[in-house]
Visitor: 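Below is a structure I'd like to ask you about.
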Amino acid sequence: MIFDLKSAFEKPVNIDFTLPPSWWKADEYDNPILGLDSGIDVHLHIRRAGERYVVEGSLHGGLILRCDRCIEAFHFDLKTEFRIFLAPYSEVKEEEIELSEDDMAVVFISGEEIELDEIIRSEIYLSIPMKILCKEDCAGLCPICGKNLNKEKCSCKKETGHPAFAKLKELLKK
Ligand SMILES: [Zn+2]
Ligand SMILES: [Zn+2]
C-alpha cells in the first residue's frame with residue numbers, strides 16, 4: 001500500500017486496516033517466518049515534524065514461525081509497537097540526525113510516496129526473537145536419529161557424544 005506523505009502535511013493521519021494471511025510472501029529459503037496464522041491488524045499514525053515525518057504504529061496478529069531447535073512450525077503472537085522517523089534523503093546530513101532519540105529508527109526516503117508494506121514487513125522481522133523456540137524448553141531433534149524429542153522418545157545413547165563415535169563403539173563391541 002502506497003501512502004502519500006503530502007496527505008499528512010497539514011494534520012496527522014490515522015490509518016487502520018487488516019492485512020490478510022495471503023499478504024505475506026516468503027522470499028527466502030531459510031526464512032523463519034513461514035506465514036501468517038491470522039490477519040494482521042495494523043494501526044498507523046503519521047504526522048509531520050518539520051522536514052520529516054514520524055510513523056507510529058502497532059501490529060497485532062498471528063505468525064507461523066519455524067522453531068530453531070525442532071524445526072516444527074508453531075503459532076507466535078505478533079504484538080508490537082514501533083516508531084520510525086522518515087527523513088528525506090537529499091536534505092539530511094549525517095550530523096543532523098539526532099540519534100539521542102534512540103528508540104527511533106530513521107528511514108531515509110526519496111520522494112513523498114512511501115511503501116507501507118515494506119515498513120510493516122521490516123517491523124514484523126524486528127518483532128520476532130533472535131532465538132526462535134516453539135517453547136522455552138523445546139527438546140529439539142535427536143542428533144542421532146533425528147526424531148522430534150518433544151513428541152517421542154528415542155533409545156539413542158547420547159552420552160557418547162558425536163554420532164561417529166557411537167558407530168565406532170558399536171563396531172568395537174562385535
Ligand atoms: Zn521446538
Ligand atoms: Zn535418537
Side-chain angles (χ1 to χ4, degrees), residues 1-3 14-46 54-86 99 101-109 114-174:
M1 183 195 269
I2 300 283
F3 180 77
N14 285 301
I15 311 169
D16 290 277
F17 57 97
T18 302
L19 291 166
S22 60
W23 170 76
W24 186 264
K25 299 276 181 280
D27 56 0
E28 282 169 61
Y29 172 68
D30 60 347
N31 195 332
I33 304 174
L34 300 177
L36 306 186
D37 214 7
S38 65
I40 293 183
D41 293 325
V42 181
H43 171 73
L44 299 173
H45 177 83
I46 302 173
V54 179
V55 181
E56 287 169 310
S58 64
L59 305 174
H60 289 154
L63 303 179
I64 305 166
L65 300 186
R66 188 181 49 225
C67 177
D68 284 343
R69 211 177 271 167
C70 70
I71 67 171
E72 289 285 321
F74 67 99
H75 170 91
F76 178 83
D77 279 324
L78 171 72
K79 199 172 180 174
T80 186
E81 293 186 349
F82 60 91
R83 187 160 60 145
I84 56 171
F85 194 55
L86 304 175
L99 293 172
E101 292 181 79
D102 54 6
D103 61 338
M104 269 192 151
V106 179
V107 173
F108 294 106
I109 50 167
I114 55 166
E115 180 55 87
L116 296 178
D117 297 57
E118 291 293 315
I119 292 173
I120 294 164
R121 205 177 159 85
S122 62
E123 290 302 325
I124 290 173
Y125 274 106
L126 289 170
S127 75
I128 62 172
M130 291 285 280
K131 182 85 185 158
I132 299 168
L133 293 177
C134 62
K135 53 184 178 181
E136 201 60 50
D137 60 345
C138 170
L141 302 176
C142 169
I144 299 165
C145 70
K147 276 182 183 156
N148 183 342
L149 300 175
N150 297 313
K151 289 180 178 168
E152 52 187 327
K153 292 223 180 321
C154 66
S155 50
C156 303
K157 288 193 173 68
K158 289 177 200 76
E159 65 275 12
T160 47
H162 195 278
F165 290 113
K167 272 261 160 59
L168 191 65
K169 250 188 175 174
E170 280 294 306
L171 289 171
L172 291 174
K173 257 188 245 169
K174 282 172 190 165

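Start at 1 and go down the list; that is how both ligands and their atoms are numbered.
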Visitor: If you have a sec, read the angle at the Zn ion (ligand 1) from C134 atom SG over to C70 atom SG, to 10 degrees.
Guide: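 Centred on the Zn ion (ligand 1), the SG/SG angle is 110° (to 10°).
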Visitor: Rounded to the nearest 0.5 Å, how far apart are CG of L63 and OH of Y125?
Guide: 10.0 Å
Visitor: To the nearest 10 degrees, how large is the angle at the Zn ion (ligand 2) between C156 SG and C145 SG?
Guide: 110°
Visitor: Before moving on, can you tell me the angle at the Zn ion (ligand 2) between the SG atom of C142 and the SG atom of C154, to the nearest 10 degrees?
Guide: 110°
Visitor: I'd like to check W24 versus I40 (side-chain heavy atoms, cut-off strictly below 4.5 Å). Are they in contact?
Guide: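 Side chain of W24 against side chain of I40, heavy atoms only: no contact under 4.5 Å found.
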Visitor: Going by distance alone, is a donor N or O of one side chain under 3.5 Å from an acceptor N or O of the other, for H75 and D77?
Guide: yes
Visitor: Has the side chain of K153 got a donor or acceptor atom that lies under 3.5 Å from a matching backbone atom of N150?
Guide: no
